[in-house]
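Report on one structure; see the data block that follows.
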Amino acid sequence: MKYLVRDKIFAIGDDYWIEDERGRHAFLVDGKALRLRDTLELKDPDGRVLITLRQKMFSLRDTMTIERDDHPLATIRRKRLSLLRNHFRVALVDGTELDVSGRILDREFTVEYDGELLAHISRRWFHVRDTYAVNVVREDADPALLVAVAVCVIRMAERERED
């Protein structure tokens, strides 16, 4: 299943829809303005919060956390000791680790678990410059989590580029 993200609307305080490949609203990204730290909520079409994304305060390295039902689900940070500049590690609370690598700022990267592809993020499928897709490859994968990982990694890479 592919989810379409309009890239240019990534400002805090802005809300925007992520659509499925049939053009239906799949997730609402709700940017929380006037917060001390970068906070986004990923909601279903009925307005229920599925995932909360937060910038971790007082961290040596740029870190974002993913929460579900007010409980930590994962932590995302740039992978240390990597030859690839665009390589992130997603540490889930159950001990599982996902690898995110590729050309993050170009919106051409993958999310893998133990060498197996879970999602492919790409602009290649579109002629509209400011749109990319999160293509969830595995049927048993959590689409909300994978969309949240893509949004977090892109935000982190863009913040790093600005510094």
Side-chain angles (χ1 to χ4, degrees), residues 1-7 9-10 12 14-22 24-32 35 37-57 59 61-79 82 84 86-105 107-123 125 131-160:
M1 174 66 84
K2 287 183 184 147
Y3 297 93
L4 313 179
V5 182
R6 308 269 187 270
D7 204 17
I9 320 177
F10 267 161
I12 292 298
D14 287 345
D15 299 345
Y16 60 95
W17 284 100
I18 295 174
E19 300 172 347
D20 66 17
E21 58 192 340
R22 295 179 189 105
R24 296 178 302 198
H25 289 166
F27 304 107
L28 175 67
V29 178
D30 185 359
K32 297 298 180 184
R35 298 268 174 116
R37 57 186 176 170
D38 197 356
T39 302
L40 300 168
E41 290 178 341
L42 191 65
K43 298 179 177 181
D44 70 10
D46 295 325
R48 288 185 299 264
V49 176
L50 301 173
I51 290 185
T52 302
L53 314 169
R54 298 183 201 279
Q55 179 182 10
K56 195 167 185 179
M57 299 297 287
S59 178
R61 293 186 293 157
D62 192 17
T63 303
M64 288 193 79
T65 60
I66 298 175
E67 300 171 6
R68 180 174 275 148
D69 300 324
D70 293 323
H71 299 300
L73 180 62
T75 302
I76 301 176
R77 59 177 52 101
R78 178 172 298 287
K79 187 174 177 183
S82 173
L84 299 173
N86 291 311
H87 198 160
F88 289 81
R89 171 84 22 107
V90 180
L92 280 76
V93 293
D94 68 2
T96 304
E97 290 188 346
L98 308 179
D99 286 311
V100 180
S101 62
R103 297 185 324 271
I104 308 293
L105 294 173
R107 310 312 189 250
E108 295 292 336
F109 59 97
T110 60
V111 180
E112 297 180 341
Y113 166 67
D114 202 23
E116 184 176 344
L117 182 65
L118 298 178
H120 181 221
I121 292 75
S122 180
R123 278 191 176 148
W125 296 302
T131 302
Y132 67 90
V134 177
N135 185 17
V136 178
V137 177
R138 283 191 45 167
E139 288 185 26
D140 61 341
D142 181 346
L145 174 62
L146 293 172
V147 167
V149 166
V151 169
C152 278
V153 167
I154 290 169
R155 289 184 78 83
M156 291 170 73
E158 286 180 343
R159 265 200 311 267
E160 188 174 276

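Every heavy atom of this structure was used, including side-chain atoms; hydrogens, water molecules and symmetry mates were not.
Lys2 has no carboxylate O lying under 4.0 Å from a charged side-chain N of Asp20, or vice versa, which leaves the two without a salt bridge. Ion pairing between Glu158 and Arg107 holds under the 4.0 Å rule for side-chain N and carboxylate O. The pair Arg68-Asp142 meets the salt-bridge criterion, since a charged nitrogen lies less than 4.0 angstrom from a carboxylate oxygen.
Closest approach of Lys43 and Val49 over heavy atoms only: CE-CG2, 3.8 Å.
Rounding to the nearest 0.5 Å places CD1 of Ile76 at 3.5 Å from CD1 of Ile66. The distance from the OH atom of Tyr113 to the CG atom of Leu146 is 13.5 Å, given to the nearest 0.5 Å. Taking CZ of Phe27 as the reference point, atom CD of Glu19 lies at 12.5 Å (rounded to 0.5 Å). Taken from CD1 in Ile51 to CD in Glu67, the straight-line distance is 10.5 Å, to the nearest 0.5 Å.
Ring geometry, Trp17 versus His25: the interplanar angle falls under 30°, so the pair is classed parallel (tilted spans 30 to 60°).
At most 12 non-hydrogen atoms from other residues, nucleotides or ligands lie less than 6.0 angstrom from CG of Asp70.
In terms of modelled atom types and a separation under 3.5 Å, the side chain of Asp15 and the main chain of Gly31 share a donor-acceptor contact. When atom types are taken as modelled, the side chain of Asp69 and the backbone of His71 share no donor-acceptor pair closer than 3.5 angstrom.
Between Phe88 and Val149, the closest side-chain pair of non-hydrogen atoms is not below 4.5 Å.
A donor atom on one side chain and an acceptor atom on the other are not found under 3.5 Å apart for Asp99 and Ser101.
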